[in-house]
Amino acid sequence: MNNPGVYEIEMVKNTFRDLIYDPQLGGGVFEDRAVKAIIPGGVSAPWFGPELLDLPLGQDEVGEKGSMLGSGSVVVLDETTCVVRAAWRITKFFSRESCGQCTPCREGSGWIERAMYRLEHGGGRMEDMDLLLDLCDNIAPGLSWPPQQTTICVLGSSIPSSVHSAIKMFPDDFKAHVLHGGCPHD
Amino acid sequence: MTDVIRTTVSITVNGRELEVKTGELLIDAAERAGEYIPRFCYHPRMEPVGMCRMCLVEVEGPRGATLQPACYLHVNDGMSVCTNSEKVKKAQDGVLEFLLANHPLDCPICDKGGECPLQDQTLAHGSGETRFVEEKRHFVKPIEIGELVLLDRERCIQCARCTRFSAEVAGDTEIAFSGRGDLIEVAPSPDKPFNSVFSGNTVQICPVGALTAKPYRFSARPWDLEQVESTCTTCAVGCRIAVQSSGNRLTRVLGVDSDPVNHGWLCDKGRFTLDSVDQNADATDVLDPATRMVAPMVRVNGVLEPVSWGEALDAAAKILRDASATPEGVGAIGGASLTNEGAFAWERFVRGVLGSDNLDAQFGDGLDPVLLQALPRATIDETASAKTVVTLTGDLREELPILFLRLRESAVRDHHAIVEFAFGPSALRPVARLSLVVRPGEAHLAARCIADRADAPTGVAFTNEELFEARRLIGESGEGVVFVVGRPNVAEDPRVLEDAIRRFAERFPDAKFLVALRRSNVAGALDMGLSPRLRPGRGFELTSKGRDTLGQLEALRRGDQKALLLLGGSLLGNVADVVGATSALEKASVIAVTGHGGPSLAFADVVLPAAVAHERSGTVTNIEGRVSAVAAKIVAPGSAWPDVAIAAELAEQLGQSIGLTSVEQTAKTIEESTGYPALSVANDELHDGAVVGRLDATSLRHALDPMAFPGIRSAESVGLASYTGATVETNAVDSVHTRPATLDVLGHAPNLEVPLADAYSLRLVVSRRLYDRGVAMQGSPALDNLIKATTLSLNHVDLDRLGVEAGAIVRVTGAQGSVRLAVQLNEEVARGSADVAFGTLSATGEDALAALLDPTSVISQVRVETR
Amino acid sequence: MSHFHPEIRQRAEELVALYPRARSAMLPLLHLAQEQDGYLSEAGIDEVAALTGTTSADVRGTAAFYDMFHLEPVGKYVVGVCTNIACLLAGGEEFLEHASQKLGCAVGSTTSDGLFTLEETECLADCDKAPCVQVNHRYVRTTTPATFDALVDELRDGKLDNDVPAHGTLIRVRRSGGLRVPRQEIVDQRALSTAARAQRAEEAK
Ligand code: SF4
Ligand code: SF4
Ligand code: SF4
Ligand code: FES
Ligand code: FES
């Protein structure tokens, strides 16, 4: 972003586009790059594509589209971003922050993180996408929104959001990682 | 008018309507209805945590069916549950796969292999192929976290069973989870190893091979093991156990869940001292308790030589014949380590064949058995559910460990009040509602003050506030109160405690008593009449002039008694006055009937080798009067015999008969002649045994959920009849034939002269330790390192007064000599008194008690010199 | 006998008195122990256990859950570099790599002079100033390798001793004049509310 920062704006009256491009607010994407995806409300939230830029910033509006405003921290992934790396890092966060009580969260986050790392660093296999989706499904059955839980708190059911979004929205990026034997961006 | 409280609710499980107990956990309700929900972390004897998520099931709710952990969910009326849908199966398979992700491929080298719940579930449900191709988590392989327990962190599935046990059940929290996420590990504090006396339970309930017991490691494979159910006789709680052997070698003891007694738990002494039974084939020194007696022996030219049974019996008969010219000339001491059948046989032998009333199963370290028999008795369950429990005992964790667990649970979970007569350090202190401090020679005064609503006399350690609170908690008639009575201080005249007990019994007629004498089958031995004024089946002969142990030792010293039959070899390890006992033995002709060596055998003229625990069958009786079966798992070494056979043969040798031919026939005789339920439980149809004199002698054998108690084969598979939910009727009688004693048979209470303490002396408390130098411990290499040298424990006030630092070595002088001891600070020791451990030696190997005990006085006093 | 210095010990006892159950004071006490020793020493843990009526294993287990508690000695300055998503996109990983080279120690370890410990952290809630760096849990807002190097040099030279106290120091919760609310007031207040609660319970019966 040109102007990363903390902004107080009125709910629903503004859209994601306003937030990102208004010179008083985000001021546009760094070097005028295109938006590849937005994380609408913290790393637990499923991602949106650029087609939803005109969605109003409101709880219900975002909820209807299958995500949440959550903490209100909007992260913009621009066209140069490697979504595999981004989703890996988010999963690493969950893996490090898992308290360790519930098996699906404790073990699932670590497993997904390690598999994503492998994909990013050249050990990817085509079947990994299905494997990852199935592991996500075993943590939050149905991969619906709001998620179903197998864990005691919602940290567990937040784990799948980024990986599931990345695979669903950008399967070609994953395939490219497999074929390229690592991250094509590097 | 009382409200009607619904005790059941109805729920639907897989379309089936069930009536279940209000508020119980779904996982339990479903299990009883035959729907077993898989699990790892849930344990029926601990609070649920919902860690593993293996028990996820679908529960209908306002937002449709959601996955919920069945172990963490209390049933509600109308709850609808599905345990077998595709969604449930996928979630459970997913959890299993996650658990295996970081789990090493150790099965072939893992001690748990063959009885591993994780392995079993994986075989039953796992896909057979792993999708996990990443690097697994690595830890240094097994680390020693305590003297007896090893931890393999790679195998841990973070179920928190061990840590919950430590915090919730044992209450000592010596291990806890450390770290976060998939790096969680079980850890003790680095400088405080996991040496809890309950540590072995964590190994037993660990659902994987993460925790292993050093003594058992790699010693056997589960499929080689055979098992019997039996009763632990290491102390008098009488925990139910499964004894396993590989061939004729004992390999393992596991706790079996007995509802009225041990809830599946064992102390480490009961669990791990099995090596004292058969691991010492090479030990040959007869003075060493580690040595098993494998052949009869006779002293020839001052040395015990192995001989045939014929020769030994002949020699023994000769001694007895010579000495029993007068009935006063012989007597028997010991018997607490016998079964009821063995005790009954020896009672018949001593009274019937020798014609003597000189016999005693206690070593002068117990209480007046007539008083005990006259008390209204409480069971362990009644004690644990009493609104107020008053303890007049030593530290129960050291004396009767599982009773401690039961009482602790009742205080912590059910908020029952514990009123402790605080004689010294006690593990119950943190959970006791009131600790009434009493120094040696004060317990009876405190009891009188409570009973008579009197003020505390001057100079005593307890206060009026404490007395007031004690009275409040005991109430007017003692209803709902149980007094737990034992022998907290062997250096104090037992009449002090007996007087206190009597006061309470007379003043609070509705109170009950749990007799917490600690040694093995001492309750059964007394019930079988091994005491001058007792007769088999809790009968009495109050006119008896027979001698008890101290009386016999005295008579032996005087020369009035010539011969002594030692039942069990541990006299010198158990009397307080070792000096007096030694000089008595020196004068006596001694016949020792024992399975173990021991210092007393230095004086034995004949040794008759007997079978010991796990080698003999029969029944034993625990502190609450519960008769339960012990089973023979292995064959006794060499030519050791069961006691019934030895007594019968010896009688034969004297040209008489005790009319007993086998253990079973002895049990039958006991039951027929006295109503004591020996036969009813002898063949172990009654898992929980039967309490003497009670009608509620029906029993439910718990299904042994292999998840709750891995490693124990179910009752069914080891050939025991009853199983889940089956109720077994017993023909145990409602009361025994003989008239129960009442308090008025006791006559006048004696007048106790407690010497005044002078300002320079400390009153001596000699308290028991679990890890002492008794037979079980000394024969057990596994536990050897846990025996601590005795110290002199003092309150800081006395430390300051004496001007010594904790850790300093001081000279302590008592009635019979002096000894050098290290000083230890312990605020739980009453001011003006000093605590020394019974049955352990000082750091320099001296026997502190021999020097410090004053056998002629009501209390012993010691002086401390700092230089 | 006490491992805590008298002033720390006194603050510890005041903290314990603030809670209805001593155990609840465990985390603040751990901060105090860390303030004294810079990390959680064995003796510090034992003292916290004694003060809270728990065991050392329990205290250690609790402390080990939290990243801000250190069970092993750390440097005078604990440097944390965030690499979570916003910082990652702003070059957090490269920044961490640079920090490691500048300090001369691997991530998660301490320089040989014992001055710096380098940590990779999760989101520090300063995402708009990414990549985010903290020293002893204070934002330092240096986002370029050059400013980072200058900061390290100044710390090394002791020029920032007044701004960045040694690791463990709890400036923000220190009250120079003791507790703002006198302890007695808190104790009295609690007694009142306990009594009120008891009365309500009594009335409810
Ligand atoms: S714990 Fe069970 S599954 Fe794990 S290695 Fe041991 S036997 Fe195999
Ligand atoms: S060591 Fe065993 S009992 Fe303890 S948490 Fe790990 S798996 Fe569970
Ligand atoms: S408490 Fe007593 S009966 Fe139970 S295991 Fe320990 S020694 Fe055996
Ligand atoms: S979560 Fe229910 S058994 Fe583990
Ligand atoms: S992601 Fe680094 S501070 Fe938030």
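Chain A is the first sequence line, chain B the second, and so forth, proteins listed ahead of strands; every chain is numbered from 1. Owing to the predicted nature of the structure, the values given are computational and were not obtained by experimental measurement.
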Item to check | B/F98 to A/P104 - nearest heavy-atom pair and separation | outcome: CD1-CA, 3.6 Å

Checklist entry - Shortest non-hydrogen contact from A/C102 to B/G50? => result SG-O, 4.4 Å

Checklist entry - Do A/I152 and B/M51 touch side chain to side chain, with heavy atoms closer than 4.5 Å? => result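 SC-SC contact between A/I152 and B/M51 ruled out.
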
Would you say [atom1] of [X] has more than 12 non-hydrogen atoms from neighbouring residues, nucleotides or ligands within 6.0 angstrom?
X: A/E51; atom1: CD; answer: yes
X: B/E86; atom1: CD; answer: no
X: A/Y117; atom1: OH; answer: no
X: A/D32; atom1: CG; answer: no
X: A/K65; atom1: NZ; answer: no

Next on the checklist: Measuring from atom CG of B/D182 to atom CH2 of A/W111, what distance do you get when rounded to the nearest 0.5 angstrom?
Outcome noted: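 One finds 13.0 Å between CG of B/D182 and CH2 of A/W111.
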
Checklist entry - How long is the gap from CZ on A/R106 to CG on B/L183, to the nearest 0.5 Å? => result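 A/R106 CZ to B/L183 CG: 11.0 Å, rounded to 0.5 Å.
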
Item to check | Check against side chain to side chain contact (heavy atoms under 4.5 Å, CB included), A/Q101 and B/F177 | outcome: CA-CA 10 Å; A/Q101 167 154 355; B/F177 271 157; over 6 Å; no

Does [X] use its side chain to pair, donor to acceptor, with the backbone of [Y] at less than 3.5 Å?
X: B/R53; Y: A/T150; result: yes
X: B/E97; Y: A/L135; result: no
X: B/R180; Y: A/G100; result: no

Item to check | Full working for side chain to side chain contact (heavy atoms under 4.5 Å, CB included) between A/T103 and B/M54 | outcome: CA-CA 8 Å; A/T103 306; B/M54 190 64 195; over 6 Å; no

Is [X] close to chain B through its backbone or its side chain, or both, or neither, when contacts mean heavy atoms under 4.5 Å?
X: A/Q148; result: side chain
X: A/R114; result: both
X: A/E127; result: neither
X: A/P141; result: side chain

Item to check | Derivation and outcome, side chain to side chain contact (heavy atoms under 4.5 Å, CB included), residues A/D134 and B/R131 | outcome: CA-CA 11 Å; A/D134 193 49; B/R131 299 194 290 173; 2.8 Å; yes

Region of [X] in contact with chain A, defined by heavy-atom distances below 4.5 Å:
X: B/E135; result: backbone
X: B/L56; result: side chain
X: B/E134; result: side chain
X: B/I184; result: side chain

Checklist entry - Which one, B/V95, B/V133, B/V49, B/I157, leads in non-hydrogen pairs under 4.5 Å with chain A? => result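 The answer is B/V133.
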
Next on the checklist: Using the rule given for side chain to side chain contact (heavy atoms under 4.5 Å, CB included), can you reason through A/Q149 versus B/T66, listing the C-alpha separation, both sets of side-chain angles and the distance that settles it, and then say yes or no?
Outcome noted: CA-CA 8 Å; A/Q149 278 175 241; B/T66 53; over 6 Å; no

